[in-house]
Number of protein chains: 2
Amino acid sequence: MSIHLRPSQALRLWQQTSLAEVRAGGPDLTERQIAILLTIYLDPPPHTVRGLAEKLGVTKPVITRALDTMGALKFVSRHRDERDRRNVLIRRTVDGALFVERLGDVVVAKAAELPL
Amino acid sequence: MSIHLRPSQALRLWQQTSLAEVRAGGPDLTERQIAILLTIYLDPPPHTVRGLAEKLGVTKPVITRALDTMGALKFVSRHRDERDRRNVLIRRTVDGALFVERLGDVVVAKAAELPL
DNA sequence: GGAAACCGTTTCGGTTCCGTACCGTTCATT
DNA sequence: AATGAACGGTACGGAACCGAAACGGTTTCC
């Protein structure tokens, strides 16, 4: 039983959610940053810079910079992999989990308000 | 008959859509820019800088700059209002309509693929 | 042990974005 | 005709971003 959405509903949902996020005054993340953040929180760990770069189809510095920004926001944290010290493991944080959880709630709420 | 989504489904939908957009290699819009673009394409005209600033709860320069960027992408166009030459009317473009339409289709497709 | 491969970060020049404050034009009111 | 309000845009210093390339630290492989 999959989710059925018409294009007009999908766009309205996207607009209402974006609008709510902007108005809430939180950080103005880019689409890349959102994709990275959600991947870290939804896909099973471990997450590495290279792995994320491949999954998103972007270069490594893009990931490094996004992690810098979201690390400053305390949405993610970095830790050296002790089993292979070349790797950096990206981990979730309490603040990041709260942010993602709240985002999910906003989408659900806006979906429920959607007109036919 | 409203749309029912669980938070986990909402987040997965958001992730899959963002991921598809990033991988498609299009412009990396910020959440603010997306909110502006969708508002221009979904809400009835006319759209002005001030009106958009109020709707999003941001300052005018934010709108001006976003219109600069999206104008360079040919997603929107600006025209002086001849009835009140203080106003600038923001209009849709063919390229912008295509972009928005494609975004809607991506959301619909990802929603259909959503697991239970 | 030394070369090669791998990983994440840093550097470079250049672009875009931010918020605050100010500017030039146009309209409304008197 | 003049004043004040309204509108969009610009200037500023500071921050974040880009892609391409180079850089150290680590592991792997002969």
Side-chain angles (χ1 to χ4, degrees), chain A residues 18 21-37 39-40 45-92 96 99, chain B residues 18 21-37 39-40 45-92 96 99:
Chain A
S18 301
E21 287 294 306
V22 171
R23 262 204 273 249
D28 185 31
L29 301 179
T30 68
E31 200 156 24
R32 285 177 172 187
Q33 291 171 335
I34 292 173
I36 293 170
L37 188 65
T39 295
I40 292 169
H47 298 288
T48 65
V49 172
R50 182 168 285 292
L52 290 171
E54 282 173 8
K55 194 167 294 194
L56 301 216
V58 297
T59 60
K60 286 182 297 172
V62 168
I63 304 294
T64 294
R65 280 186 290 254
L67 294 179
D68 288 344
T69 302
M70 295 196 293
L73 292 170
K74 308 236 185 255
F75 284 179
V76 298
S77 66
R78 282 187 267 208
H79 305 272
R80 187 63 66 177
D81 182 356
E82 289 305 332
R83 295 154 45 99
D84 182 343
R85 296 183 51 76
R86 289 174 299 184
N87 290 331
V88 166
L89 303 179
I90 297 111
R91 292 218 287 255
R92 304 161 186 170
F99 179 83
Chain B
S18 301
E21 288 295 306
V22 171
R23 263 204 273 248
D28 185 31
L29 301 178
T30 67
E31 200 155 25
R32 286 177 171 186
Q33 291 171 334
I34 292 173
I36 294 169
L37 188 65
T39 295
I40 293 169
H47 299 288
T48 65
V49 172
R50 195 164 225 84
L52 289 171
E54 283 173 7
K55 194 167 296 196
L56 300 216
V58 298
T59 60
K60 283 182 300 174
V62 167
I63 304 294
T64 295
R65 280 186 292 255
L67 294 179
D68 289 344
T69 302
M70 295 195 292
L73 292 170
K74 308 241 186 249
F75 284 180
V76 298
S77 66
R78 282 188 266 208
H79 305 271
R80 187 62 68 175
D81 182 357
E82 289 303 332
R83 295 154 46 98
D84 182 343
R85 295 184 50 77
R86 289 173 301 184
N87 289 332
V88 165
L89 303 179
I90 295 109
R91 292 218 287 256
R92 303 161 186 171
F99 179 83

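To find a chain, count down the sequence lines: A is the first, B the second, and so on, and within it residues start at 1. Note that the structure is a prediction, hence the values are computed from the model and not measured.
Residue B:Gln33 is in sugar-phosphate contact alone, with no base atom involved, counting any heavy-atom pair closer than 4.0 Å across all strands shown.
Considering only the side chain of A:Thr59, D:dG19 comes nearest among D:dG19, C:dG8, C:dT20. In the set C:dT16, D:dT26, D:dG19, D:dT26 carries the atom at the smallest distance from any side-chain atom of A:Arg85. In this structure, of D:dG8, C:dT9, C:dA5, it is C:dA5 that holds the atom nearest to the side chain of A:Arg86. The listed nucleotides are C:dG8, D:dG8, C:dC7; the one nearest the side chain of A:Val88 is C:dG8.
Distances shorter than 4.0 Å separate some side-chain N or O of A:Arg32 from OP1 or OP2 on D:dG19. Considering only side-chain N and O atoms, A:Thr69 lies under 4.0 angstrom from the phosphate OP1 or OP2 of D:dC17.
Residue B:Arg65 places a side-chain atom within donor-acceptor reach of the base of C:dG19, judged by atom type and a 3.5 Å distance cut-off alone.
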Nucleotides 21-23 of chain C: which of its N/O atoms have a protein N/O under 3.5 Å away?
none

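We find that CD1 of A:Ile90 is positioned 7 Å from P of C:dG8, with the value rounded to whole Å. Summarising the geometry, the separation between CG on B:Leu52 and P on D:dG8 is reported as 9 Å, rounded to the nearest angstrom. Atom C1' of nucleotide D:dT26 and atom CG of A:Asp81 are separated by 11 Å, given to the nearest angstrom. As a whole-Å value, the separation of B:Asp68 CG from D:dT10 P is 7 Å.
At least one side-chain heavy atom of A:Ile40 sits under 4.5 Å from a side-chain heavy atom of A:Leu67.
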